[in-house]
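Labels below follow one simple rule: chain letters A, B, ... track the order of the sequence lines, proteins then strands, and each chain is numbered from 1. Values in this document were obtained by computation on a predicted structure and should not be read as measured data.
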Number of protein chains: 2
Amino acid sequence: MTTEARRKRASISDVARLAGVAVGTVSNVLNRPDIVAPATRARVEAAIKEMSFVPNAVARQLRVGTITTVGVVVLDIRNPFFTEVARGVEDRLALADHTLMLASSDDDPARERKYLQLFEQHGVVGLLVVPSGPDLDQLLEVQSRGVRVVLLDAPAGSSGLSSVSVDDEAGGALAMAHLIERGHTQVVMLNGSHDIRQCAARLVGARRAASAAGLDPEAAVREVQLRALDSASGVEATLALADAPDGLPSAIFCVNDLVAVGVQRALRLRGGTALLESVAIVGYDDIDIASELAVPLTSVRQPTHEMGYRAADLLLAPESAEIEQVVFAPELVVRASSAR
Amino acid sequence: MTTEARRKRASISDVARLAGVAVGTVSNVLNRPDIVAPATRARVEAAIKEMSFVPNAVARQLRVGTITTVGVVVLDIRNPFFTEVARGVEDRLALADHTLMLASSDDDPARERKYLQLFEQHGVVGLLVVPSGPDLDQLLEVQSRGVRVVLLDAPAGSSGLSSVSVDDEAGGALAMAHLIERGHTQVVMLNGSHDIRQCAARLVGARRAASAAGLDPEAAVREVQLRALDSASGVEATLALADAPDGLPSAIFCVNDLVAVGVQRALRLRGGTALLESVAIVGYDDIDIASELAVPLTSVRQPTHEMGYRAADLLLAPESAEIEQVVFAPELVVRASSAR
DNA sequence: GTGAAAGCGCTAACAA
DNA sequence: TTGTTAGCGCTTTCAC
C-alpha cells in the first residue's frame, strides 16, 4: 500500500509494463488464469499487487457491453415497506454478484423520470420501479431500448411489462371480512387518495367483502379520505370523527399501520385506554412495531422481502423469459386491536 | 417509440449518420448546445428523438474519467437508523445529480470487502461506509487509490479518514444522568457485545455520568450482555432479571429501542400494566414508534438524516478539502417510560 | 503461451 | 461552426 494518494488509478497497461508482458496477457490472468503459464501468471500477479491494481469495471463494461448493475426506484426508502422490498432485491442480486443503485422518487413523476434516465444512461441491466403514477409510457420506452423493466408493487396489466405486486383488493376484503365476522356492520375506512392505486383497490376489496356478507357496501364501509398517510393524519381524522354528530364508529380500517397508530393515539388522547379498547382497528402493512403498540394491531401483511426477491429474479431471468406478472396474496395477522 | 425491442442501443455515431453530421457535433449538442448552429442543432435533436438515443454514461465516464456515483455500505438497510442515514445521503447527492449504489454488509467483513471492491471497480467517486469492524486497512488502501472515503457512524480517529458519527459516550451519559436525576441509583444496562464500538462507548458514558453524580460507576450501572440487539433478546433478558434473586431493577437502560420494546413486552407479560409502569426505561435511537408504545419510550435521538447529508457533503467536497471528522451530539427525548 | 491491434461510445483538441 | 481523430481501459481475435 502506498502512503500517498495516487493521482490516477493504475491501468492494465501499467501492470503489463511492470510485469514485462502484453496487456492481453494481464487481461488473461484476470479472466482466464488457467490458460497462462504459471511463471508468467506469478509475475503478473506480483505486479498487480505491487501497483494495487483494481480493474476498471467501466472500461470492461464498455468493451463487453454487459453489466451487473440494477436500478431500483421506490417512492421513499424510509418507508419500511420499501426497505424490506429493497432488501429482498439486494439479497437476490447478491447471488448474481450484481449491485443495486437506489433512488427515492418521493412519488414525484419528474423525479422518477430523472432517475430512470440517469440509470439508463449508466447502462443498468434492468430497472425495478414502483411507479409514481399510472403512466407507464416512459417505462415502456426504456424497455423497448433493451433494458429489462419490472414493476414493483403495481400490476402491469396489459402494458407488456413484467410486474410483482400484492393483491390489494384481496387485502381490503380480508380486513373487512374479519371485522364483519367480529360483528361490525358499519366500519369507517381511513383511506388515501384514489389516485393511489392501492388505496382505491383496498376500498373496492372492503366493499366487495361487505356485499359478499349481504351488507350494503356503501353503507357498511364509510370512507374518509386523508390528506396524508401518516400518523398525524390518523390523529386528525379520528378526532374529527369523535367530534362529529355520528360519533366514533365501532370499527376503523386504516389504509396503513401508520394511520392506525395515529388512530390509537387519538383515542387514548380522547378517552384513555377504555376508549382505545372499545373500538376495533385494523391496519395494513404489518410494520415491525404493530405487535408492540399499546394495543397490538391487527394488520394485513404483505410478503415484502419476497416481492423484492422475486422481482429481482424476474429481472435476472434469461432474455428469452416471457413477460410475467406475479401477484402475491396478502395475509391477515389478527391481534388484540380487533378483539373488541 | 419502436414497438419492438432493439437489440442494441443507438450510439452517438448512429445519430450523427442519421442527422448527416459528425459525431463531434452530436456530442456538442449534448454538452454545449449553445455553440452549435440552431439549424444543425434542430436536425440533431430530431435524430436523437427519432432513434430514442440515450447517451452512454459508461463511455462518457471512461473518456472523461469523472463519474457521479457514490457507493454506500451500511450494516443493514432494514434498520431504520441506516435508512434515515441513507435518505440523508440521497438527498445531498440529488443536489449534485449523483446517484447512490447501496449495499448491506450484514456486519460481515467479507461481505463488506466484496462490496467495496465491487464499488471501486465501478469507479465510484467515493464511498460512505459504516465499517463492520475496527479494521480500516482496506478503506485506507481504497482511499490511497484516489477514492474518497467517509466513515459513517464511526469516528475515524487518527486513521486519516474523514468521518461522521455521533458521540455515543455522550448518549450513554445523557441517558444515565436522566435516570439518576429521576432518583435511580442502580440501573441495569442491557447492552451488546463490546466488539460493537457503540455498545462499549454507551456503557462508558453511562458509568461516567454515574461517577459525575458521586456514585460508584460499577455498582450504579450493572451491565447485562445480550446475544442480539432485538426485541426477542430484550424479552429474554428481562424475564431472566425478573426470575433472578435480586429481582427487577428500578430502571433499565437499553442499548437500542428494539431491546426496550422487548423489555416492555416482557414486563407486561409478567406483571401487566402495573409492573410495566413501575420500572423506568430508556432506549436509544428514538425510532418512529418509540412515542407510540404502550408506554411511550424515553430515548436518545441521533441526527440520522443530518449525518447522511453531512457525510455526502464531505464526500462531494472539493479535492483540496481536508480530512474532517464530524461528531454530532445526541439528544434525549423524555417520555412517559422514565417518568416513574 | 504470448504479443499486437482493433474497437466498445464518447469527448476534446485541433483542423478545416 | 463543423469535421476528424486520438485515446480513455479493457477484451478478444488473430498471428506468431
Regarding R32(B), tell me which of base, sugar-phosphate or nothing describes its non-hydrogen contacts under 4.0 Å with the strands shown.
sugar-phosphate
Between D153(A) and Q302(A), do the side chains contain an N or O donor and an N or O acceptor separated by less than 3.5 Å?
no
Rounded distance in Å - CD1 (I48(A)) to P (dG9(D))
16 Å
How would you label the contact of V21(B) with the nucleic acid (heavy atoms, under 4.0 Å): base, sugar-phosphate, or nothing?
sugar-phosphate
Side-chain donor-acceptor pair present, Q325(A), S162(A), cut-off under 3.5 Å:
no
I want to verify a distance call: between dC10(D), dG9(D), dT2(D), whose nearest atom is closest to the L62(B) side chain?
dG9(D)
Quick one: how far along DNA chain C does chain A reach, first to last nucleotide 5' to 3', anything under 4.0 Å to a heavy atom?
dG1(C) to dG9(C)
To the nearest Å, how far apart are Q121(B) CD and dC10(D) P?
10 Å
Rounded to whole angstrom units, what separation is found between the CD1 atom of I12(A) and the P atom of dT12(D)?
11 Å
Verdict with supporting geometry, R145(A) and E141(A), salt bridge (charged side-chain N to carboxylate O under 4.0 Å, His left out):
CA-CA 7 Å; R145(A) 289 186 214 108; E141(A) 266 183 61; 3.1 Å; yes
Measure the distance from CZ on R17(B) to C1' on dG3(D) and round it to the nearest whole Å.
16 Å
Most 5' of T40(B) and V64(B) on DNA chain D, judged by nearest nucleotide:
T40(B)
Touch class at under 4.0 angstrom, heavy-atom based, for S27(B) against every strand present
base
For a quick check under 3.5 Å, do S11(A) and S13(A) share a side-chain donor-acceptor pair by atom type?
yes
Given atom CG of D14(A) and atom P of dG9(D), what is their separation to the nearest angstrom?
8 Å
Does a side-chain N-to-carboxylate-O contact under 4.0 Å join E50(B) and R43(B)?
no
Can you confirm whether the side chains of T83(A) and R78(A) place a donor and an acceptor under 3.5 Å from each other?
no
Given atom CD1 of I35(B) and atom P of dG3(D), what is their separation to the nearest angstrom?
12 Å
Given atom CZ of R43(B) and atom P of dT1(D), what is their separation to the nearest angstrom?
15 Å
Please report, rounded to the nearest Å, how far the P atom of dC10(D) is from the NE2 atom of H122(B).
14 Å
Find which nucleotide of DNA chain C each of S11(B) and N28(A) is nearest to by heavy atoms, and output the residue with the more 5' nucleotide.
N28(A)
Is there a salt bridge (charged side-chain N to carboxylate O under 4.0 Å, His left out) between E84(B) and R87(B)? Walk through the geometry before answering.
CA-CA 5 Å; E84(B) 276 296 334; R87(B) 193 40 145 94; over 6 Å; no
